[in-house]
Amino acid sequence: MTEMLDATIEGRLLAQRQILAELLAACDRAGGPLSDWVRAFVADDYGPKDYAEDPGAVPNAAFAVENIIADEKRMLASETQRILDADARG
C-alpha cells in the first residue's frame with residue numbers, strides 16, 4: 001500500500017513540475033519582464049546563499065528542507081530549459 005501511495009505522490013509531483021515548466025516556458029515566449037525572470041530562474045544554481053564554508057557539515061532539519069527546495073528548483077529549472085531548448089531547435 002505504501003509503495004502505491006509513494007508512486008501516486010511521485011507521479012503527481014512530476015506532473016506538477018512538468019506543468020510549471022510549461023508555464024514558465026510560455027512566460028519566456030511572451031517576452032518582456034516575465035521572460036527576464038524566467039531566464040534568471042533557469043540560470044540560477046540554487047546553491048546555499050549564506051556563504052557558509054560547509055553548511056551541510058552539521059546536518060539539521062532546516063538545512064535538509066532548504067536543500068530539498070533547492071533540488072526541486074534545480075529540477076524545475078532544468079525541465080524549463082529542456083523545453084526552451086526544444087523550442088529553439090524548432
Side-chain angles (χ1 to χ4, degrees):
M1 183 67 173
T2 301
E3 285 181 32
M4 187 60 149
L5 180 61
D6 289 347
T8 300
I9 291 170
E10 183 175 1
R12 290 176 189 266
L13 290 172
L14 289 171
Q16 289 178 15
R17 184 183 309 134
Q18 290 170 352
I19 291 167
L20 284 171
E22 289 288 349
L23 286 170
L24 289 172
C27 288
D28 183 66
R29 289 181 208 110
L34 278 176
S35 179
D36 295 341
W37 183 88
V38 170
R39 289 175 187 263
F41 175 81
V42 168
D44 198 330
D45 70 355
Y46 298 101
K49 301 289 192 251
D50 64 358
Y51 305 105
E53 187 172 323
D54 186 359
V58 181
N60 63 40
F63 182 72
V65 170
E66 286 196 22
N67 195 33
I68 291 166
I69 291 168
D71 283 346
E72 183 59 31
K73 286 181 177 180
R74 276 190 291 272
M75 287 186 277
L76 179 56
S78 177
E79 180 67 11
T80 302
Q81 186 62 60
R82 185 194 63 73
I83 292 166
L84 295 172
D85 290 345
D87 286 352
R89 286 190 297 270

task: Using the test side chain to side chain donor-acceptor pair (under 3.5 Å), find all partners of Asp87 that sit at least two apart in sequence or belong to another chain.
output: Arg29
Of all pairs that satisfy ring pair (Phe, Tyr, Trp, His ring centres under 6.0 Å), the ones with a partner from residues 15-45, not counting sequence neighbours: Trp37-Phe41, Phe41-Tyr46
field: For Asp71, salt bridge (Lys or Arg N to Asp or Glu O under 4.0 Å) partners two or more places apart
entry: Arg74
field: Residues that Ser35 engages under side-chain contact (heavy atoms from CB on, under 4.5 Å), provided they are two or more places apart
entry: Asp28, Arg39
statement: Contacts of Asp6 meeting side-chain contact (heavy atoms from CB on, under 4.5 Å) (sequence neighbours excluded), chain-then-number -> Thr2
- prompt: If you group Ile, Leu, Val, Met, Phe, Trp and Tyr by side-chain heavy-atom gaps below 4.5 Å, do Val42 and Leu76 land in one group?
  reply: yes
Show the atom names and distances, to 0.1 Å, of all donor-acceptor pairs under 3.5 Å that link a side chain in residues 11-27 to residues at least two apart or in another chain.
{"unit_1": "Arg17", "atom_1": "NE", "unit_2": "Glu72", "atom_2": "OE2", "d": "2.8"}
{"unit_1": "Arg17", "atom_1": "NH2", "unit_2": "Glu72", "atom_2": "OE1", "d": "2.9"}
{"unit_1": "Arg17", "atom_1": "NH2", "unit_2": "Glu72", "atom_2": "OE2", "d": "3.4"}

